Amino acid sequence: MVKKQKISSGDTSSGVDGNVSSHTSNPYLSHHASYSTGLGASYGANVTYDQHTETNPWSGEAFSGKYHDILKKRTKLPVYLFRDKLLKTVRENQIVVIEGETGSGKTTQIPQFLVEDGYPTLGSTCVACTQPRRVAATSIASRVADEMDVKLGAEVGYTIRFEDESSDRTVLKFMTDGMLLREAMSDPLLKRYKAICLDEAHERTLATDVLMGLLQEVIPKRPDLKLIVMSATLDAKKFQDYFKGAPLMKVPGRTHPVEIFYTAQPERNYVEAAIRTTLQIHQCESPGDILVFLTGEAEIEDCCRQLRDSAATFPSNVGELVVYPLYSSLPPAAQRKIFSQAPGPRVAGGVPGRKVVVSTNIAETSLTIDGIVYVVDPGFSKQKIFNPRARVESLLVSPISQASAKQRSGRAGRTQPGKCFRLYTELSFKNDLQQATYPEILRSKMSSVVLTLKKLGIDDLVHFDFLDPPAPETLMRALELLNYHGALDDEGDMTEVGYKMAEMPLDPQMAKLLLVSPDYSCSNEILSIVACLSVPAIFMRPKEQAKLADDAKAQFAVDDSDHCTLLNAYNEYLFNNKSRDYCWDNFLNERSLNQADNVRNQLVRIMQKLDLPLTSNDRKSSRYYTAVKQTLTGAMFMQVAYLQRSGVYMTIKDNQSVSLHPSTDVNGKPQWVVYEEFVLTSKNYIRTVTVTNADWLVASAPHYYDLTNFPECEAKGEIEQAYRRMAQRASK
DNA sequence: GAGCACTGC
């Protein structure tokens, strides 16, 4: 009988963690009768979910009608058939890898199974389930709270940046992977958790990868902790090997078949091919919406225009075609349009219309559109690439991976059988596309990750067990940067400065800005600038109104500092009470500024916690901007460019020729600038720059501007003179 | 004189 099984199962798991009492406060274990009936149907046992009146073990009250409706659906999910086997496997193994396809129900059900099996203790420990995206964490938590018939934020909750909907009562918590990593920094053994599910592990986000490495170290020290790695089909074997032969369980999905078509010949122009294919589908295929994958905003808008133009020329016996663009910087209202119904027939009894969504990768994982029957996949996306030698991250249009192509085609089979048109040959799919996209950890700077790992107490980075270790050169670059910023000493150990930097949810250089700012009494100003730099661009520049937008921005412009221009815009936004109209009239992105405000508040709290004074200079005094510029110099001394006699800027030490980005409001061509970022597009550009000088540089970063270790270049002479001036001043 | 795929703390 089910009930008996449950009791013995509870005993088994309590034997593992050696803490029998911990189970007594899990209501599932003290209410076996009500619990087992709730699951009877899926077991094929002699009790079914609707035959008994039941009590909610958490509230002690009768389950609501809604609970039973949902339960009926839950028990039909494929994962339900694996419940017993899964729990048994988890009891017998500390780490389990689960390969679950879309529609298996793994994300919502497996964490609940773990709760039901008694891992968490009400009031002290819980089960965590991580997600790569905030929306996923919140929406799944809400769904699961409904399924368990409890209030969101009580027994079931979520934690994401800026939002904590969890409490002492929370036994099941959905959270972003980054959030769990942050928590690990103050609780390195993750004692709050009895079981951790890393969901969507195949996406290989930076945070999930670091968590997996960390958990490799934590697991032996926490024999009572269970780890469930949940992944889509492709990488499960790799995870299994990484976790030393942890058992692998496969859970089938429930999706509709998708027929794949390839082109016979390679396509020369993928946008053109995508348009042609889309129009053919519209004219020849049965009803159903179309999803087209392209790489970026401009390309998408252009494609939409061409589709609309062509569709307008179609005879009236062809159904109407509505076209929607989709990319992340699109305002939310425009994004929501993709969910509207396809148009009906033009005349009663005529051919129904069709909806086409032309999207970036955002529709590959982040946003799901039901009703898509046709997918057009040209096989490209923009991907971030990091070049450690030049220390440059750039975006390149690159071929997607096989895994990505499969994910895209899967988007056609969510509600009914679908078709996917791949605009490349089958041979190309097999031979040219790599199996999986390179994980983020191999495509990113490591400075922030290294600082996080150091804070987590990982001293030996070289032997840290990464699933895919980053290139040694990338790690060296990170260690070097952290050492120059005083976050790590020459032995590579974390310093007081390093601890403070690690507290801030920012890139190390930005954290350093905040640490330096009180020295120049301008921490309030730097907080505003850092907040603006941590969100999408606050200045809008629609192509059709470029001139007006530039004029609006000119009101805020400071002629020797783009950073101060940002500060002015942010200040005016506050001064105008964060007014929507003010933002609109002045081409400011309200969404970004609002987000910046959130970030700033969070950073203020951290500054206070670290006892860093919040100070300002008088906005009318000349110190106001000067202090900011000195702070920027004091923290960004590794991102400096010098104007050569040839009229081209050269970055210090890295010797890259660069140009000021045309978006700058800095006048003329100043001799020295610090820059926020290096962007590689049609040219090497440095963007968001502030004027500085050799005197400030040698005064604030003598260890970096050390003449004995300074490459021969035009700037060296000025640095030498600055040292001489400094010595003269000192001798007076 | 030019574009910024997508996440996340």
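Numbered from 1 within each chain, the chains take letters A, B, ... in sequence-line order. These figures come from a predicted structure and were not determined experimentally.
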Indicate, with a heavy-atom threshold strictly under 4.0 Å, whether [X] touches base, sugar-phosphate, or nothing.
X: A:R134; result: sugar-phosphate
X: A:T176; result: sugar-phosphate
X: A:E364; result: nothing
X: A:K384; result: base
X: A:R161; result: base
X: A:I160; result: sugar-phosphate
X: A:R204; result: nothing
X: A:S381; result: nothing
X: A:L395; result: base

Return all side-chain donor-acceptor pairs below 3.5 angstrom for residues 668-676 of chain A, not counting sequence neighbours, or 'none' if the list is empty.
from: A:K669; atom 1: NZ; to: A:G647; atom 2: O; distance (Å): 2.7
from: A:Q671; atom 1: NE2; to: A:L643; atom 2: O; distance (Å): 2.7
from: A:W672; atom 1: NE1; to: A:E718; atom 2: OE1; distance (Å): 3.1
from: A:E676; atom 1: OE1; to: A:H563; atom 2: NE2; distance (Å): 2.8

Checklist entry - Can you name the residues that form a side-chain hydrogen bond (donor to acceptor under 3.5 Å, both in side chains) with A:D560, not counting sequence neighbours? => result A:K629

Next on the checklist: So, using salt bridge (Lys or Arg N to Asp or Glu O under 4.0 Å) as the criterion, who are the partners of A:K382 when residues are at least two apart?
Outcome noted: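 A:K382: no salt bridge (Lys or Arg N to Asp or Glu O under 4.0 Å) contacts found.
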
Checklist outcome for this item: Taking for A:N361 and for A:P505 the nucleotide of DNA chain B with the nearest heavy atom, the one nearer the 5' end belongs to A:N361

Item to check | A:Q383 or A:D507, whichever maps to the more 5' nucleotide of DNA chain B | outcome: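 Here A:Q383 is the residue nearer the 5' end.
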
Item to check | Along DNA chain B, first and last positions that approach a heavy atom of chain A under 4.0 Å | outcome: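 Contact span on the strand: B:dG1 to B:dC9.
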
Next on the checklist: Is it the case that over 12 heavy atoms from other parts of the model lie below 6.0 angstrom from the CZ atom of A:F429?
Outcome noted: yes

Checklist entry - Are A:L198 and A:I228 side-chain neighbours, meaning at least one heavy-atom pair lies under 4.5 Å? => result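 No. Closest side-chain heavy atoms not under 4.5 Å.
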
Item to check | For A:P399, all residues meeting side-chain contact (heavy atoms from CB on, under 4.5 Å), sequence neighbours excluded | outcome: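 Partners of A:P399 under the side-chain contact (heavy atoms from CB on, under 4.5 Å) test: A:F380, A:L433.
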
For residues 324-333 of chain A, run the donor-acceptor check on the side chains, cut-off 3.5 Å, and write out each pair with its distance to 0.1 Å, sequence neighbours left out.
from: A:Y324; atom 1: OH; to: A:S340; atom 2: OG; distance (Å): 3.0
from: A:Y327; atom 1: OH; to: A:E301; atom 2: OE2; distance (Å): 2.4
from: A:S329; atom 1: OG; to: A:E297; atom 2: OE1; distance (Å): 3.3

